[in-house]
Chemist: 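Sending over a structure as structure tokens; questions will come in a sec.
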Amino acid sequence: MTLPVLRFIAEKGVHKISEIEPLVVDYFSVSPDESAETLPSGTETRLHNRVSWAVYDLYKSGLLKRVKRGHYDITEHGQKELQSPPEQMDRTYLRKFDSFREWEEKSARKSKTSSPVNNTAETSGTPEDQMAEAFAAMQVALADELLEKVKEISPVGFEQLVLNLMIRMGYGGSREASGFLTKASGDNGIDGLINEDRLGLDVIYLQAKRYTENNISEPQIREFVGALAGKQANKGVYITTTAFSRQAIAFAERVQQKVILIDGEKLAELMIEHDLGVSTKTEYKIKRLDTDFFDF
């Protein structure tokens with residue numbers, strides 16, 4: 001579906017996935033029964049799943065871009081690709097693009113496998129390997145989508161999200177007991193604080209920066225460390241939706257205070273791990289033979 005989807009968006013402009021599905025149905029002459037066919041989990045149709053992955057693959061290849069939440073448009077790179085398109089734009093073909101290979105390699109690292117994710121008919125490894133690879137690919141895609149959503153919320157909303165995440169991770173007790181501060185408190189360089197434990201024996205100071213593009217630089221970490229020193233605090237967590245410069249990371253590692261840096265990628269991973277902003281779609285239970293049962 002990948003090449004037809006790219007052509008659809010090139011011809012018709014910005015579309016969301018639900019608007020692409022009817023075009024795919026017409027193009028491939030998909031029957032009503034085929035359109036209604038669901039995945040084994042029963043959570044979505046096979047058609048929607050295939051179109052979604054086609055769009056996502058094109059997006060990770062740099063041939064499509066997100067213009068707003070859930071809406072995609074073709075890029076200049078995608079237009080050039082259509083000037084001399086391949087007969088089939090499968091994942092083997094898309095691996096010629098650096099961004100797509102980087103995404104596959106990232107998925108492979110998360111699944112702890114040595115081979116990139118492969119959703120083609122030819123599969124390798126045990127069924128467990130294949131499930132691990134597919135799960136990692138879905139986790140990376142979810143993290144990407146989740147981070148895009150987080151970047152859309154207000155700065156104050158992001159501060160609240162950070163507090164909720166810290167509580168989900170076991171810090172503090174409740175929102176009221178955590179003592180979260182906003183910029184209105186006048187503490188330059190500090191957005192909030194939370195108890196390290198439910199008894200409040202130690203306090204962790206927080207800085208939350210919701211950026212869409214700019215990375216966090218060393219001067220910003222210096223300001224945060226200075227604010228910690230002003231509070232005679234030893235622990236701080238700096239959370240952002242983007243990334244930290246190498247200089248910022250190096251500075252945080254050599255200061256006396258314990259400063260933890262959480263970038264956008266790590267933030268999304270923690271939100272998924274602690275079920276914040278996400279919900280379980282499907283669960284698969286893998287069972288094995290219980291040989292002890294047969295020891296009569």
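Both backbone and side-chain heavy atoms feed into the values below; hydrogens, waters and symmetry mates do not.
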Chemist: Got a salt bridge between E265 and K106, using NZ or NE/NH1/NH2 to carboxylate O under 4.0 Å?
Modeler: yes
Chemist: Check side chain to side chain donor-acceptor pair (under 3.5 Å) between R66 and all other residues, then give those that pass, not counting sequence neighbours.
Modeler: Y59, Y72, D144
Chemist: State, to 0.1 Å, how close A10 and I74 come at their nearest heavy-atom pair, and which atoms those are.
Modeler: CB-CD1, 3.6 Å
Chemist: To the nearest 0.5 Å, what is the distance between CD on E213 and OG1 on T241?
Modeler: 10.5 Å
Chemist: Do M271 and V150 touch side chain to side chain, with heavy atoms closer than 4.5 Å?
Modeler: yes
Chemist: State, yes or no, whether a side-chain contact exists between E37 and L47 at a heavy-atom distance under 4.5 Å.
Modeler: no
Chemist: Answer yes or no: is there a side-chain heavy-atom contact under 4.5 Å between M89 and L6?
Modeler: yes
Chemist: Establish whether L142 and F135 are linked, either directly or via other cluster members, by ILVMFWY side-chain heavy-atom contacts under 4.5 Å.
Modeler: no
Chemist: So that I can tick it off, tell me whether K149 and E145 are bridged by a salt bridge, with the cut-off set at under 4.0 angstrom between side-chain N and carboxylate O.
Modeler: no
Chemist: Applying the 4.5 Å side-chain criterion to the ILVMFWY set and letting contacts propagate, would F97 and M1 be lumped into a single cluster?
Modeler: yes
Chemist: For the pair R91 and D57, find out whether any cationic side-chain nitrogen is under 4.0 Å from an anionic carboxylate oxygen.
Modeler: yes
Chemist: Should the pair R246-E218 be classified as a salt bridge under the 4.0 Å nitrogen-to-oxygen rule?
Modeler: no
Chemist: Would you please name every residue forming a side chain to side chain donor-acceptor pair (under 3.5 Å) with S31, sequence neighbours left out?
Modeler: E34
Chemist: Is it true that N49 and E44 share a donor-acceptor pair across their side chains at a distance under 3.5 Å?
Modeler: yes
Chemist: Counting only heavy atoms not in K80 (residues, nucleotides, ligands), do more than 12 fall under 6.0 Å from its NZ?
Modeler: no
Chemist: Check L267 against T240 and note the closest heavy-atom contact, atom names and distance.
Modeler: CD2-O, 4.1 Å
Chemist: Salt-bridged, K266 to D263, with N to O below 4.0 Å?
Modeler: no
Chemist: Could you tell me if the side chain of V203 sits less than 4.5 Å from the side chain of N195, heavy atoms only?
Modeler: yes
Chemist: T282: what forms a side-chain contact (heavy atoms from CB on, under 4.5 Å) with it, not counting sequence neighbours?
Modeler: S41, T43, Y284
Chemist: Please identify each residue that fulfils ring-ring contact (aromatic ring centres under 6.0 Å, His included) with Y93, with sequence neighbours left out.
Modeler: none
Chemist: S18 and E21: side-chain donor and acceptor closer than 3.5 Å?
Modeler: no
Chemist: Grab the two heavy atoms, one from V278 and one from L146, that are nearest each other, plus how far apart they are.
Modeler: CG1-CD2, 4.1 Å
Chemist: Give me the atom names and distance for the closest heavy-atom approach of E196 to Y171.
Modeler: O-CD2, 3.4 Å
Chemist: Test side chain to side chain donor-acceptor pair (under 3.5 Å) on Q220 and S217; report intermediate values, then the result.
Modeler: CA-CA 6 Å; Q220 290 168 287; S217 62; 3.2 Å; yes
Chemist: With sequence neighbours left out, write down each residue that passes side chain to side chain donor-acceptor pair (under 3.5 Å) with Q79, or none if nothing qualifies.
Modeler: none
Chemist: A side-chain contact here means heavy atoms from C-beta on lying under 4.5 Å apart; do R222 and F251 qualify?
Modeler: yes
Chemist: How are the rings of Y56 and W53 set to each other: parallel, tilted or perpendicular (split at 30° and 60°)?
Modeler: perpendicular
Chemist: Check step by step if salt bridge (charged side-chain N to carboxylate O under 4.0 Å, His left out) holds for D202 and K235.
Modeler: CA-CA 9 Å; D202 204 353; K235 300 174 183 178; 3.2 Å; yes
Chemist: If every non-hydrogen atom of H15 is compared with every non-hydrogen atom of I20, which pair is closest and at what distance?
Modeler: CB-CG1, 3.9 Å
Chemist: For D73, give me all partners under side chain to side chain donor-acceptor pair (under 3.5 Å), at least two apart in sequence or on another chain.
Modeler: none
Chemist: Is there a side-chain contact between I216 and Y238 (heavy atoms, below 4.5 Å)?
Modeler: yes
